[in-house]
Peer 1: 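Please read through the structure below; I'll follow up with questions.
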Amino acid sequence: MNAFDLGKFETEAQEQWLHAFESNPSKLEKCYLNVAYPYPSGAMHVGHGRTYIVPDVIARFWRMRGKQVLYPMAFHVTGAPVIGISKRITKKDPKTIHLYRDLYRVPQNVLDEFTDPLTIVHHFASEYQRVMTACGISIDWRRRFTTVDPCYSKFIEWQWKHLYEAGHVIKGVHPVRYCTVDDNPVGDHDLLEGDKAEVIRFTLVMFQYGDAQIPTATLRPETIHGVTNLWVNPSVTYVKALVDGNAWIISKEAAEKLELQDHTIEIKEEIAGRDLIDKRVVHPLCGEVPILPADFVDPDMATGLVMSVPAHAPFDFVALRDLQNAGKYTVIKPVPLIKVEGYGDIPAQDAIERAGIIHQMDSRMDAITQEVYSAEFSKGKLFDRYGGKPVRIARDDVAALMIEKYGSEVMYEFDTRPVICRCGNRVKVKILHDQWFLKYSDPVWKQQVSDHLLNMALVPPEVRLEFERTIDWLKDWACTRRVGLGTRFPWDTTQLIEPLSDSTIYMAYYTIAHKIREIDAKLLTPEVFDYIFLGKMSSELPEKKKLDVMRKEFLYWYPYNYRFSAKDLISNHLTFQLFHHVTIFPKDKLPLGMVVFGMGLLNGAKMSSSKGNVFLLEDAVHDFGADTVRMFLMGSAEPWQDFDWRNELVISTKKQIERFFNTVNEFKDADGEPHDIDRWLLSRLQSHIGSTTEALANFQTRQALQEAYFGIETDLKWYRRRLPSTIDGSRELHTLCSVWIRLLAPFIPFTAEHLWKEVAGEGLVSFSPWPVEDKTLVNTRIELAEELLARTVEDIESIKKLIKITPKSITISLAPVWKHDIFRIIATSSDRNSVIRNIMKDEIMRKRGKEATDAIKQCTTLIHRLPPSVVEPLSREPINEAAVFEAARGFLEKEFGVPVHITNADSSEHPKAATALPFKPAIIIE
RNA sequence: GCGAGGGUAGCCAAGCCAGGUCAAAGGCGCUAGGUUGAGGGCCUAGUCUCGUAGGAGUUCUUGGGUUCGAAUCCCAUCCCUCGCACCA
């Protein structure tokens with residue numbers, strides 16, 4: 001009749017919860033929680049589950065504690081990924097089809113529609129809502145929106161108007177990875193290869209060659225003084241091209257690249273590499289040098305020609321040495337210019353010879369180059385005749401000088417290659433114009449954020465440092481994009497506001513999301529939002545009454561209390577939103593706190609949709625039940641720790657819920673008279689209530705479950721053991737059930753809701769009052785008595801185990817009064833050294849001699865071993881041990897199946913009796 | 001490489017900030033016994049080593065140090081996770 005059936009509990013509760021969590025301003029104190037909204041491009045897995053269940057548990061907790069709780073949800077559909085996905089589905093890319101059809105189980109007819117990117121996000125947004133609901137997440141769904149809703153775009157425009165007016169939006173140029181086939185910048189997820197590649201800024205050193213110039217790209221312009229020659233690949237065909245009207249000799253590849261980097265290119269003629277060999281070039285800072293052949297020169301690296309500094313560049317040194325070993329160019333000597341500790345005059349030579357490098361192709365060349373470069377960069381100094389500056393300073397100085405006086409230009413190139421787009425094309429660096437930035441580098445802005453961070457609650461506290469570092473480190477952020485979904489950038493409507501920049505203050509939008517829909521988006525001018533969010537009046541506000549309602553909502557809910565998000569967003573989103581808030585909202589509307597989550601693992605490995613290592617949340621709910629999923633996710637680790645989903649562990653979580661269910665069913669109708677053990681149970685219950693409450697107030701879901709579930713379960717086991725077999729449970733068990741259900745309700749709301757109906761009769765447990773610790777029910781003496789009994793039982797068991805005889809009787813021999821005196825004196829004394837002397841001053845003690853000093857030592861050890869919760873009350877007043885054991889004699893005899901005698905140690909003949917201590921009676925088994 | 005966090009018994013994980021209450025909570029797994037009596041049930045005990053009396057010994061990545069005393073503090077070392085930007 002009342003079977004454990006999670007599926008049934010879920011169905012029952014869902015009906016009653018349908019609109020239960022819709023939350024409106026009220027007289028109650030508010031609690032506004034929100035979590036980073038999802039980008040719905042795929043199905044939810046158990047990792048997502050935790051992200052939304054943690055805030056839900058906290059929301060349910062505060063709701064029961066009588067707060068007006070708001071937990072809203074929306075969908076972030078801004079950005080480019082779904083554009084790519086829809087393209088790949090259109091092209092019938094097998095990997096993508098497999099992912100969506102087989103892993104996410106999108107029905108074929110829906111999948112067919114995925115050629116439209118909006119369909120993808122809308123489909124999965126609905127899926128998210130469905131699965132979140134199935135998980136019992138108590139969201140106010142009336143406030144759901146997506147970031148491409150017209151009203152939301154109006155809101156974003158308003159936000160940006162304020163950012164702009166504050167001077168945080170600036171225009172600039174920016175080098176990006178660019179695919180010339182797609183004609184678009186490419187992000188990491190668009191890359192087939194080279195996603196680690198960084199764009200590096202090279203200086204082009206311009207050598208004069210007849211009427212043309214040869215640019216060589218370098219990261220170390222200061223080494224110009226040590227150039228002995230250039231390197232050219234003899235088997236490569238170079239071109240002479242007019243670059244911005246000047247004749248340059250460069251590789252063909254370089255010509256294409258430079259065209260993307262703000263240069264006009266007009267190719268005039270081809271020049272074979274070998275025709276350049278032995279020609280001479282000149283630069284004012286190094287004089288005239290020859291061009292030498294080198295096969296290692298890559299035409300696809302920067303300009304395709306390089307300058308050679310054999311004294312400081314191991315590659316150059318070896319290449320030159322190889323030529324000279326063949327008897328060529330023997331007059332060329334490396335020209336050193338940097339002094340660096342740990343190396344001789346020619347660092348490159350030292351490094352090469354130390355490593356015993358024979359030829360250019362040695363695999364260690366890169367490492368040696370790195371070693372020399374970083375040694376020179378960190379510790380090197382230019383020779384006095386070149387200015388004597390440290391390398392790290394001279395490098396930038398020389399580069400600036402060259403650009404100013406010697407015609408040098410900047411060229412961007414990747415540090416590693418190849419970099420290949422998903423379309424198969426080589427990615428190049430392009431300088432984007434009309435690129436807009438958010439000026440996160442602004443020290444004044446940074447300071448405002450840092451100042452506010454001091455007022456914020458951060459969970460766990462360790463993340464504070466990371467936030468501080470991030471604020472400090474943040475540079476200007478390119479905030480507009482050319483492709484994707486999103487809101488048009490107001491100052492250049494061909495561009496869109498970038499996804500991380502349109503999701504920073506939407507927590508404020510939640511407060512009005514369900515109301516603003518009633519107004520035509522066209523009417524939503526900045527003045528409207530100025531009124532709602534800032535209280536600024538304007539003459540012609542539309543729908544003033546509706547605006548007033550929204551103003552009230554905002555004032556009631558804002559600022560939010562806590563924002564939840566995974567820790568990988570600290571370095572961007574979570575910090576960005578602080579920047580935006582401090583600019584737009586007044587001080588009393590700034591965020592109050594943040595909770596940062598750890599990451600999720602599946603069977604020990606990182607969850608990843610693309611690798612197929614995911615467990616869908618829906619499947620988990622189906623296989624184990626929503627409560628099981630919730631309890632497992634909340635109990636296996638604290639929110640900020642990484643957690644690992646393992647099916648075997650989840651199964652045992654389900655058994656635990658079932659055990660709870662059975663126990664409640666067994667006890668809820670008990671109506672016996674209470675005994676001492678009931679008073680003990682209730683006393684213990686109070687501390688579980690207290691600890692659970694404290695843990696949840698600190699977001700410690702795991703700790704809370706330990707207290708609320710295992711703490712109470714362990715007590716009940718002892719209770720049952722202690723209960724005389726002739727007696728039924730007392731009516732206090734009904735109280736315990738009522739409390740227990742409520743303590744667990746945030747974690748396993750479905751089961752709790754079902755049981756609540758049986759225990760309380762009516763109302764939803766979700767809105768029932770959270771249990772409050774009743775200090776008047778706390779009975780330290782009874783708890784101590786049970787503690788003494790339990791410890792003694794344990795001791796008897798371990799002795800029985802050791803002596804391997806069949807006991808015929810057990811004698812418990814209690815410590816005499818004088819030992820209790822000693823115990824108390826030691827426990828209350830602060831100075832352990834003098835305490836022995838003080839005790840032994842006493843005449844009576846001294847008469848006891850060694851017996852007394854032994855007792856002192858033993859008591860000292862015992863006091864160290866006992867928890868303070870035991871020592872503290874004992875030191876105030878000993879308990880009547882004889883009464884405790886007399887009362888429990890029946891229990892002990894039942895436990896051990898032999899007669900149990902209780903004696904006083906000082907009247908016992910048995911030598912063991914002398915070992916009796918307070919709270920640790922001597923045990924004699926015969 | 002840089003920034004942040006972390007490494008605890010078979011596994012997960014508490015403890016570390018405020019050093020002695022730590023052989024180290026709790027859960028899982030495993031083993032034994034009991035109960036019911038057939039099998040994802042419940043209860044009890046055990047689960048580093050030794051021990052015929054509730055104890056002792058060696059442990060908390062590794063190596064040093066501070067201290068009467070360190071899982072806990074300091075230094076170094078190795079390993080792991082996250083972030084390093086135009087990407088949600």
Side-chain angles (χ1 to χ4, degrees), chain A residues 36-39 41 76-82 174 176-177 185-190 195 198 370 374 432 435 437 440 460-470 472-481 484 498-501 503 566-573 576 596 598-599 601 604 606 635-638 640-644 646 648-649 651-656 658-659 662 702-703 705-707 709-711 713-714 717 720-721 791-792 794-805 832-833 862-871 895 912 915 920-925:
Chain A
Y37 50 19
Y39 183 77
S41 64
H76 192 210
V77 306
T78 315
V82 284
H174 191 56
V176 294
R177 297 190 293 226
V186 287
D188 275 350
H189 57 275
D190 297 321
D195 57 334
E198 271 184 73
Q370 191 58 46
S374 44
L432 284 187
Q435 178 62 54
F437 294 88
Y440 292 135
E462 294 83 49
V463 299
R464 182 170 297 276
L465 195 57
E466 206 178 339
F467 272 106
E468 286 169 0
R469 298 280 184 179
T470 300
D472 187 47
W473 159 87
L474 230 40
K475 299 192 265 289
D476 293 348
W477 179 266
C479 61
T480 56
R481 296 288 178 275
E498 173 275 334
L500 286 179
S501 305
S503 55
K567 69 175 169 191
D568 54 346
L569 295 190
I570 293 178
S571 65
N572 48 53
H573 165 75
F576 288 4
V596 175
M599 314 299 284
L601 301 176
K606 203 159 138 183
S636 66
E638 298 293 6
W640 42 89
Q641 297 173 321
D642 295 351
F643 78 96
D644 190 4
R646 288 176 193 269
E648 323 90 77
L649 302 186
I651 289 169
S652 61
T653 303
K654 185 170 183 178
K655 282 191 252 175
Q656 284 155 2
E658 184 167 7
R659 220 148 61 211
N662 290 336
R702 175 191 162 84
Q703 179 66 29
L705 263 178
Q706 294 271 339
E707 285 291 338
Y709 182 82
F710 297 107
E713 192 189 43
T714 305
K717 278 183 190 169
R720 277 197 250 231
R721 198 172 166 188
R791 281 171 179 268
T792 308
E794 247 176 66
D795 281 351
I796 294 173
E797 272 162 354
S798 69
I799 295 167
K800 263 181 69 183
K801 197 100 192 166
L802 276 169
I803 58 175
K804 294 171 190 160
I805 58 165
R832 250 172 260 121
N833 296 323
L862 180 64
I863 284 166
H864 278 151
R865 294 211 165 149
L866 292 171
S869 59
V870 168
V871 175
E895 282 285 312
K912 279 276 167 216
T915 63
K920 198 169 182 59
I923 294 159
I924 303 151
I925 299 177

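Letters A, B, ... are given to chains in the order of the sequence lines, protein chains preceding strands, and every chain is numbered from 1. This structure is a prediction, so every number in the text was calculated from the model and none was measured. Values below: every heavy atom of this structure, side chains too, minus hydrogens, waters and symmetry copies.
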Peer 1: Can you tell me how far C1' in B:G29 sits from the matching atom in B:C87, rounded to whole Å?
Peer 2: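 So the two C1' atoms sit 41 Å from each other.
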
Peer 1: So what does A:Ala566 hit on the nucleic acid, given a heavy-atom distance under 4.0 Å: a base, only sugar-phosphate, or nothing?
Peer 2: nothing

Peer 1: Please list, pair by pair, any protein nitrogen or oxygen found under 3.5 Å from a nitrogen or oxygen in nucleotides 4-10 of chain B.
Peer 2:
from: B:A4; atom 1: OP1; to: A:Arg469; atom 2: NE; distance (Å): 3.4
from: B:A4; atom 1: OP1; to: A:Arg469; atom 2: NH2; distance (Å): 2.9
from: B:A4; atom 1: O2'; to: A:Glu466; atom 2: OE1; distance (Å): 3.1

Peer 1: For B:G26, what is the paired nucleotide under Watson-Crick or G-U wobble rules, both distances under 3.5 Å?
Peer 2: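 Partner of B:G26: B:C12.
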
Peer 1: Pull out every protein N or O sitting under 3.5 Å from an N or O of nucleotides 33-39 of chain B, one pair per line with the distance.
Peer 2:
none

Peer 1: What verdict does the side-chain contact (heavy atoms from CB on, under 4.5 Å) test give for A:Val463 and A:Lys567, after you've listed the backbone C-alpha separation in whole Å, the side-chain angles of each residue and the deciding distance to 0.1 Å?
Peer 2: CA-CA 9 Å; A:Val463 299; A:Lys567 69 175 169 191; 5.8 Å; no

Peer 1: Between B:G26 and B:U47, how far apart are the C1' atoms? Round to whole Å, please.
Peer 2: 16 Å

Peer 1: Heavy atoms only, 4.0 Å cut-off, all strands: where does A:Leu649 land among base, sugar-phosphate and nothing?
Peer 2: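 Sugar-phosphate contact only.
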
Peer 1: Can you check the A:Ile923 CD1 to B:G55 P distance for me, whole Å?
Peer 2: 10 Å

Peer 1: Among the nucleotides B:G55, B:G83, B:A88, which one has an atom lying closest to any side-chain atom of A:His76?
Peer 2: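 Of the candidates, B:A88 comes closest.
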
Peer 1: Has A:Asp642 got a side-chain atom pairing as donor or acceptor with A:Met599's backbone, closer than 3.5 angstrom?
Peer 2: yes

Peer 1: What's the gap between B:G19 and B:A70 when it is taken at their P atoms, as a whole Å value?
Peer 2: 14 Å

Peer 1: Checking all strands, does A:Leu569 fall into the base, sugar-phosphate, or nothing category for heavy-atom contacts under 4.0 angstrom?
Peer 2: base

Peer 1: So, do A:Ser503 and A:Thr78 sit near enough that their side-chain heavy atoms are less than 4.5 Å apart?
Peer 2: no

Peer 1: If the P atom of B:C22 is compared with that of B:A13, how far apart are they to the nearest Å?
Peer 2: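 Their P atoms lie roughly 22 Å apart.
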
Peer 1: At under 4.0 Å between heavy atoms, what does A:Lys655 touch on the DNA or RNA strands: base, sugar-phosphate, or nothing?
Peer 2: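 Contact class for A:Lys655: sugar-phosphate only.
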
Peer 1: Nucleotides 43-50 of chain B: which of its N/O atoms have a protein N/O under 3.5 Å away?
Peer 2:
none

Peer 1: Is any N or O donor-acceptor pair between the side chain of A:Thr915 and the base of B:G54 shorter than 3.5 Å?
Peer 2: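 Counting by modelled atom types and ignoring angles, a donor-acceptor contact under 3.5 Å is found here.
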
Peer 1: Mind checking A:Val82 for me? I need base, sugar-phosphate or nothing, with any heavy atom below 4.0 Å counting as a touch.
Peer 2: nothing

Peer 1: Starting at the 5' end of RNA chain B and moving along, which residue's nearest nucleotide shows up first, A:Ile925 or A:Tyr39?
Peer 2: A:Ile925

Peer 1: Identify whether any heavy atom of A:Trp473 sits under 4.0 Å from a base atom; if not, whether one sits that close to sugar-phosphate; answer base, sugar-phosphate or nothing.
Peer 2: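 Base: the residue A:Trp473, judged by heavy atoms under 4.0 Å, touches a nucleobase.
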
Peer 1: Is there side-chain contact between A:Thr470 and A:Ile570, with at least one heavy-atom pair below 4.5 Å?
Peer 2: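 Answer yes - side chains close enough.
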
Peer 1: Any side-chain heavy-atom pair from A:Glu468 and A:Asp472 closer than 4.5 angstrom?
Peer 2: no

Peer 1: Expressed as a whole number of Å, how far does the P atom of B:A9 sit from that of B:U72?
Peer 2: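 Pairwise P distance, B:A9 against B:U72, rounds to 14 Å.
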
Peer 1: Do you know which two heavy atoms are closest between A:Lys475 and A:Tyr440, and how far apart they sit?
Peer 2: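 Heavy-atom minimum between the residues: O-CB, 3.4 Å.
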
Peer 1: Need one value for A:Ile924: base, sugar-phosphate or nothing, where a base atom within 4.0 Å counts as base even if backbone is also close, heavy atoms only.
Peer 2: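 Here A:Ile924 touches the bases of the nucleic acid.
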
Peer 1: For B:G7 and B:A14, measure between their P atoms and round to the nearest Å.
Peer 2: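 Pairwise P distance, B:G7 against B:A14, rounds to 8 Å.
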
Peer 1: Measure the distance from CD on A:Glu638 to C1' on B:G27 and round it to the nearest whole Å.
Peer 2: 13 Å

Peer 1: For B:U81 versus B:C30, give the span between their P atoms, rounded off to a whole number of Å.
Peer 2: 29 Å

Peer 1: To the nearest Å, give me how far apart CD (A:Glu648) and P (B:G27) are.
Peer 2: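 Rounded to the whole Å, the gap is 18 Å.
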
Peer 1: Once rounded to the nearest 0.5 Å, what's the spacing between atom CD of A:Glu797 and atom CD1 of A:Ile923?
Peer 2: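 Those atoms lie 10.5 Å apart.
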
Peer 1: Output the rounded distance in Å from CD (A:Gln706) to C1' (B:G26).
Peer 2: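 Computing the A:Gln706:CD to B:G26:C1' distance gives 4 Å.
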
Peer 1: In whole Å, measure the gap between the P atoms of B:G20 and B:U77 for me.
Peer 2: 28 Å

Peer 1: Nearest-Å distance, CZ (A:Phe576) to C1' (B:G83)?
Peer 2: 12 Å

Peer 1: Look at all strands and tell whether A:Asn572 reaches a base, only sugar-phosphate, or nothing, counting heavy atoms closer than 4.0 Å.
Peer 2: base

Peer 1: Please check if the side chain of A:Glu638 supplies one atom and the backbone of A:Trp640 the other of a donor-acceptor pair under 3.5 Å.
Peer 2: no

Peer 1: Roughly, in whole Å, what's the span from CD1 in A:Ile651 to C1' in B:C28?
Peer 2: 12 Å

Peer 1: Does some side-chain heavy atom of A:Gln656 sit less than 4.5 Å from a side-chain heavy atom of A:Thr653?
Peer 2: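 When only atoms from C-beta onward are counted, A:Gln656 and A:Thr653 do touch, with a gap below 4.5 Å.
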
Peer 1: Output the rounded distance in Å from CD (A:Gln641) to C1' (B:C16).
Peer 2: 14 Å

Peer 1: If only atom types and distance count, is the side chain of A:Gln706 paired as donor or acceptor with the main-chain N or O of A:Gly711 below 3.5 Å?
Peer 2: no

Peer 1: Please tell me which of the listed nucleotides, B:U81, B:C87, B:G54, lies nearest to the side chain of A:Ala922?
Peer 2: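 The nucleotide sitting nearest to the side chain is B:G54.
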
Peer 1: In whole Å, I'd like the distance from the CZ atom of A:Phe467 to the C1' atom of B:C82.
Peer 2: 13 Å

Peer 1: Please figure out whether A:Asp476 or A:Arg702 has its closest RNA chain B nucleotide nearer the 5' end.
Peer 2: A:Arg702

Peer 1: So do A:Gln435 and A:Thr480 actually touch side chain to side chain, heavy atoms under 4.5 Å?
Peer 2: yes

Peer 1: Compare all side-chain heavy atoms of A:Thr792 with those of A:Ile796 and state whether any distance is below 4.5 angstrom.
Peer 2: yes

Peer 1: Under 4.0 Å between a side-chain N or O of A:Gln656 and OP1 or OP2 of B:C28?
Peer 2: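 Yes, within the criterion.
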
Peer 1: What pair of heavy atoms forms the shortest contact from A:Ser636 to A:Arg702, and how long is it?
Peer 2: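 Smallest heavy-atom distance, with atoms named: O-NH1, 3.2 Å.
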
